[in-house]
Number of protein chains: 2
Amino acid sequence: MAATMQDVAQLAGVSVKTVSNVVNDYPYVRTETRERVMSAIADLGYQINASARNLRRGRTGMIGLALPMLSLPYFAELAESVITAAEERGLVVIIEQTGSDRRRELDALHGARRAMTDGLIYSPLALGAEDEELLPTSSPLVLLGERIFSDRVDHVTMRNVEAAKAATEYLLGIGRRRIAVVGVHPGEVVGSAGLRLQGYEEALAEAGIERDPALYGAVGPWGRANGAQAIGTMLDAGTVPDAVFGLNDTLALGAMHEMQVRGLRVPEDVAVIGFDDIEEAQYSTPTLSSAHFDRDEVARTALQLLEARFAARVPPEPRRVATEFRIVERGSTG
Amino acid sequence: MAATMQDVAQLAGVSVKTVSNVVNDYPYVRTETRERVMSAIADLGYQINASARNLRRGRTGMIGLALPMLSLPYFAELAESVITAAEERGLVVIIEQTGSDRRRELDALHGARRAMTDGLIYSPLALGAEDEELLPTSSPLVLLGERIFSDRVDHVTMRNVEAAKAATEYLLGIGRRRIAVVGVHPGEVVGSAGLRLQGYEEALAEAGIERDPALYGAVGPWGRANGAQAIGTMLDAGTVPDAVFGLNDTLALGAMHEMQVRGLRVPEDVAVIGFDDIEEAQYSTPTLSSAHFDRDEVARTALQLLEARFAARVPPEPRRVATEFRIVERGSTG
DNA sequence: TTGTAAGCGTTATCAA
DNA sequence: TTGATAACGCTTACAA
């Protein structure tokens, strides 16, 4: 059996309270006492029982991270950042994969898993603005992205519109005029797809270029296969763009792949830019230009927002923090 | 405050024990009683307190997954499978990123995090055979891969030698003779690098082809950048292979990229095969041939081994389970 | 600076 | 089939 505080206390000849004081770095412990306790801890290989501590404290030391799936590189990289940032704060992360399924996204919000964590970092894909009222407001929650907005919840946003606009402007700046956009979710306004498309359209409008529906590649999930398929359909229909804006990097990479297979040269015939700047963007052929966000910063900010709620007696005002971005120029845009 | 079993019991007019019986699907509860309890649970929005349950049960319902980092696609996909398989069994996964750092790998084995999980699935990269004795033998542990072998611990292995041999034989089968190998860790015998290299060498030996050190690309971590660098160095030295075996897919993809940049055609000039069959292999240009393993099967097997230990009164004999593989032929080998 | 004792919300034992 | 009650191992008033 594992040693308990009782065992340590007995061996050190002190009370459990004193052991607890030592374990929790309570300052008013005599050095000599502390040392006796420490050595007893070492002797017994004592490790604190997290369940007991959590039960007593009313906290679990764990936070949830709900995301579509880890095999999407963007989310794997986000998870990496969140886990690292959480570890710095002594928190443990439980990842819940929602598969961008509406029911499972709701479950992450309210289900049993939610009860075993102190807070939730939430990156929804299926829920939308109409679900705002379903967001729990009593328990700490940070929303990532701009899919849902609520005045009652903390947000870390991505400046989707501005970054997409900047990406499109970059393509315009290198002389491209027939810019396809891949990954469109028709009718969507508030999600990443809707917002990034809005940025694209604003850039074109300001450049005085007319909107051409033939250049819109609509797809479902944002994977490479759909990026390839969207541009394939477009090319089959006889529409040949001189640039492609992928609403995320995997779409852009898929589209780039499909065009190369069909003999188009990137960037000579078609320039390509993505969004998110996943690691893979640095290693594709050619390397992929992209709108870059600092995921570590997103993770740290989200954790700060959560912890502000853990600590507070009165819940703080919900905050909305926007993450900075920059356009990274690589081979796919020449 | 969240409702407790007491509250539910009071509302339903029964004892806490009865609520507990309902919650735990104890069969001997009258249907009518069960229904009253259920409706009280629903009314109060009661959710069980995991800390209290775990304290009482002496289990946490959580398992650890120690891996180098999630931004490596192979590990992200492995984590996805493990989380999914764990969820099916009502277990929660805590991911610990070791950064393939020796100290952090040891910490995953013995540290505080370890104490809050019931078992650990462990994919070491820095520890080696000499660390066998450091493996805890009292707590449930499953080792992934063939980096460490111990008779005292469960293993899920990958048939590294056989699969690498098959991959090399496949290249030989399509007529390649100067087969470079990328990702070599000189001097390593037991890790993935050592074993896969062994498979490569066995295949060449059986084909009667002499070992050529110029075709060995040694690198550190197995990322795309190092794959590119290894083949770059080789080409700079005037060695031009007619095929490349990447000891994993990201190495192969990096190497493929570098060769394409230098004007070599894949697969015409150089065929490329990887190892692991990550999702990206299906979307690169050209698509990447690879040695495929079923990660879901690995995950399920690992969990079965852990659970066998949770359940057992007497610890079961350590088992070693080998995962099947197959060579997937794609564009990079013509 | 340290000790005593009461709980945190469950589950397990035993009795009814 | 259900209920009383004692743990599980820790933290925290409160006392000393």
Holding to salt bridge (Lys or Arg N to Asp or Glu O under 4.0 Å), I want the full list of residues that pass it with [X], two or more places apart in sequence or in another chain.
{"X": "E324(B)", "value": "R159(B)"}
{"X": "D131(A)", "value": "R102(A)"}
{"X": "E146(B)", "value": "none"}
{"X": "E297(A)", "value": "none"}

Rounding to an integer number of Å, can you tell me how far [X] [atom1] sits from [N] [atom2]?
{"X": "N54(B)", "N": "dC8(D)", "atom1": "CG", "atom2": "C1'", "result": "11 Å"}
{"X": "R59(A)", "N": "dC10(D)", "atom1": "CZ", "atom2": "P", "result": "18 Å"}
{"X": "R34(A)", "N": "dT2(C)", "atom1": "CZ", "atom2": "C1'", "result": "13 Å"}
{"X": "Y28(B)", "N": "dT2(D)", "atom1": "OH", "atom2": "C1'", "result": "14 Å"}

Query raised in the report: Do NZ/NE/NH1/NH2 and the carboxylate oxygens of D154(B) and R309(B) come within less than 4.0 Å?
Result: yes
Query raised in the report: Can you list the residues that meet the side-chain hydrogen bond (donor to acceptor under 3.5 Å, both in side chains) rule with R30(A), with sequence neighbours excluded?
Result: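 With sequence neighbours excluded, R30(A) shows a side-chain hydrogen bond (donor to acceptor under 3.5 Å, both in side chains) to no residue whatsoever.
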Query raised in the report: Using a cut-off of less than 4.0 Å, is there contact between a side-chain N or O of T33(B) and OP1 or OP2 of dT1(D)?
Result: no
Query raised in the report: For dT2(D), does either OP1 or OP2 sit under 4.0 Å from a side-chain N or O belonging to S15(B)?
Result: no
Requested in this report: To the nearest 10°, let me know how far the axis at one end of the helix from dT1(C)-dA16(D) to dA16(C)-dT1(D) is tilted from the axis at the other, five pairs an end.
Outcome: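 The helix from dT1(C)-dA16(D) to dA16(C)-dT1(D) shows an end-to-end axis angle of 30°.
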Requested in this report: Please name all residues satisfying side-chain contact (heavy atoms from CB on, under 4.5 Å) with A108(B), sequence neighbours left out, ordered by chain then number.
Outcome: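 By the side-chain contact (heavy atoms from CB on, under 4.5 Å) rule, A108(B) matches A66(B), E96(B), T98(B), Y122(B).
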Residues 133-144 of chain B side chain polar contacts: donor-acceptor under 3.5 Å, at least two apart:
| residue | atom | partner | partner atom | Å |
| --- | --- | --- | --- | --- |
| S139(B) | OG | R114(B) | NH2 | 3.2 |

**Report entry** Contact state string [nucleotides 6-13 of chain C, B base, S sugar-phosphate only, - no protein heavy atom under 4.0 Å]
**Finding:** BBBBBBBB
